[in-house]
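In what follows, a structure is listed as structure tokens, so that the remarks can point back to it.
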Amino acid sequence: MAEDTAAATYGSYLKIDELLSLQRPRSAGPEHDEMLFIIIHQVYELWFKELLHELDRVALLFKGDEPHKAQHTLKRVLTILKVLVAQLDILETMTPLEFLSFRERLAAASGFQSDQFRQIEFLLGAKSDKAIARFPEGSRARAALHRRYGEPTLWDAFLQYLAREGYKVPAAHLTRDTSLPIEAAEDIQHILIDIYRNDSHNAELCERLVDLDEGIQEWRYRHVKMVERTIGMKQGTGGSSGAAYLIRTLARPVFPDLWEIRGQL
Ligand code: HEM
């Protein structure tokens with residue numbers, strides 16, 4: 001591959017001119033708060049890109065039987081998630097009226113259409129072909145989602161790793177159709193209970209996955225609270241019922257088995 005041999009500067013390496021040209025408010029004036037709204041969403045998309053980069057690495061490290069490195073990378077993922085949650089504080093400085101000053105300019109645009117967020121969901125096991133159908137045929141987003149739809153999830157990579165560690169993971173889980181969502185399974189729960197009781201290293205790994213799950217749930221909770229305080233129970237610009245729809249997504253953990261077993265330990 002050809003390498004860029006020109007001496008790099010801060011601006012040329014980070015593409016600062018291009019980056020700073022990407023914030024284009026649509027409101028007339030423009031309304032002061034629209035800049036914050038654009039920048040915060042763009043920053044989220046960059047962090048989503050980094051999260052996918054790191055989560056793909058965690059799956060590879062499970063595949064390569066490198067649990068310590070996987071745990072180290074998971075710690076980075078969790079730290080990023082904390083930043084994602086904290087960023088909502090900034091958006092909450094925007095009052096409902098300040099948001100209304102440019103909301104109509106968003107038309108049907110909504111975080112609902114973030115393909116990278118759906119890619120993260122797919123990678124973690126929440127697969128849905130309906131989510132793919134929302135993106136135009138031939139688009140980058142649809143191709144990326146389509147690829148991830150068929151690929152094994154992080155949980156699949158973890159179960160394969162446990163099988164190689166000597167745990168008797170039933171074949172049905174190891175050869176499952178990976179385009180289906182992850183569901184709770186009693187036989188996996190028995191294995192996890194054994195790990196928590198007798199295998200402190202892998203139990204630690206399980207705890208980091210619980211942290212990851214809790215981090216996503218925390219983001220969902222803080223996002224819905226921000227939505228409620230900004231638009232109340234109004235419909236979303238993406239066409240859903242708004243906060244009512246978002247509240248329903250709160251009760252869905254990413255790794256259900258890791259939650260199911262806790263009352264049995
Ligand atoms: C004033 C700020 C915001 C409001 C009022 C808002 C509102 C909403 C609403 C009502 C929905 C439901 C779907 C729909 O539009 O019908 C939604 C979904 C979503 N929003 Fe926001 N949002 C805001 C900021 C953000 C930010 C900063 C992000 C970061 C990327 C974000 C990401 C998402 C995602 C990923 C979904 C889909 C969630 C899911 O389907 O589980 N939102 N938002």
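The figures that follow rest on heavy atoms only: side chains count, while hydrogens, waters and symmetry mates do not. Numbers for residues simply follow the sequence, beginning at 1. One-based numbering, in listed order, for ligands and for the atoms of each.
Close contacts between ligand 1 and Gly239 involve ligand atoms 16 (O) [criterion: under 4.0 Å to a heavy atom]. In the vicinity of Gly238, heavy-atom distances shorter than 4.0 Å reach the ligand 1 atoms 14 (C), 15 (O), 16 (O). Close approach to Phe37 involves these atoms of ligand 1, each under 4.0 Å from a residue heavy atom: 1 (C), 2 (C). Here is the list of ligand 1 atoms found below 4.0 Å of a heavy atom in Gly242: 10 (C).
Side-chain contact between Leu159 and Ile188 is present, with heavy atoms from C-beta onward closer than 4.5 Å. At least one side-chain heavy atom of Ile90 sits less than 4.5 Å from a side-chain heavy atom of Ile40. Side-chain contact between Val254 and Leu212: absent, with no pair of heavy atoms (C-beta onward) separated by less than 4.5 Å. The shortest side-chain heavy-atom distance between Tyr149 and Thr178 does not fall under the 4.5 Å cut-off. Side-chain contact between Trp219 and Phe117 is present, with at least one heavy-atom pair separated by less than 4.5 Å. Put simply, the side chain of Trp259 reaches to within 4.5 Å of the side chain of Val210, judged on heavy atoms.
Among protein heavy atoms, the minimum distance from atom 5 (C) of ligand 1 is reached at Phe99 CE2, 3.7 Å. For atom 41 (O) of ligand 1, the nearest non-hydrogen atom of the protein is Arg220 NH1, 2.9 Å. For atom 32 (C) of ligand 1, the nearest non-hydrogen atom of the protein is Trp219 CH2, 3.6 Å. The single protein non-hydrogen atom nearest to atom 9 (C) of ligand 1 is Leu246 CD1, 3.8 Å, given as residue, atom name and distance. At the top of the distance list for atom 31 (C) of ligand 1, counting protein heavy atoms only, stands His223 NE2, 3.6 Å. The protein atom (non-hydrogen) at minimum distance from atom 4 (C) of ligand 1 is Val227 CG2, 4.0 Å. At the top of the distance list for atom 23 (C) of ligand 1, counting protein heavy atoms only, stands Met226 CE, 3.5 Å. Summary of contacts: the protein heavy atom closest to atom 26 (C) of ligand 1 is His41 NE2, 3.2 Å.
Scanning Trp47, Phe117, Tyr44 for the heavy atom closest to atom 30 (C) of ligand 1 points to Tyr44.
Ligand 1 has an N or O atom lying under 3.5 Å from an N or O atom of Ser240, backbone or side chain. In terms of N/O distances under 3.5 Å, ligand 1 is approached by Ser110. Between Tyr245 and ligand 1, at least one pair of N/O atoms sits closer than 3.5 Å. Among the atoms of Phe48, none of the N or O lies under 3.5 angstrom from an N or O of ligand 1. Looking at ligand 1, you'll find an N or O of Arg118 within less than 3.5 Å of one of its N or O atoms.
When only modelled atom types and interatomic distance are considered, His173 and Asp187 share a side-chain donor-acceptor pair under 3.5 Å. Side-chain contact, Tyr196 with Asn202: no donor N or O sits under 3.5 Å from an acceptor N or O. Looking only at atom types and distance, the side chain of Asp115 has a donor-acceptor partner in the side chain of Gln119 under 3.5 Å away. Under the 3.5 Å distance criterion, with hydrogens and angles disregarded, a donor-acceptor pair is assigned to the side chains of Ser114 and Glu45. Glu34 and Ser27 share a side-chain donor-acceptor pair at under 3.5 Å.
Geometrically, Arg134 engages Phe112 in a cation-pi contact defined by less than 6.0 Å to the ring centre and at most 45° from the axis.
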Note to self: Evaluate Glu66 against Lys69 for salt bridge (Lys or Arg N to Asp or Glu O under 4.0 Å), listing each step before the verdict.
What the structure shows: CA-CA 6 Å; Glu66 299 203 73; Lys69 286 189 184 168; 3.3 Å; yes
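Using cut-offs of 30° and 60° for the angle between ring planes, the Phe37 and Phe99 rings count as tilted.
The proximity of Glu45 to ligand 1, defined as any non-hydrogen pair under 4.0 Å, does not occur for either the backbone or the side chain. Contacts between Gln235 and ligand 1, counted as non-hydrogen atom pairs separated by less than 4.0 Å, are absent for every part of the residue. Contacts with ligand 1 closer than 4.0 Å are made by side-chain heavy atoms of Met94 only, the backbone lying farther away. Only the side chain of Leu91 comes within contact range of ligand 1, with a heavy atom under 4.0 Å; no backbone atom does. Proximity of Phe112 to ligand 1, defined as any heavy-atom pair under 4.0 Å, is shared by backbone and side chain alike.
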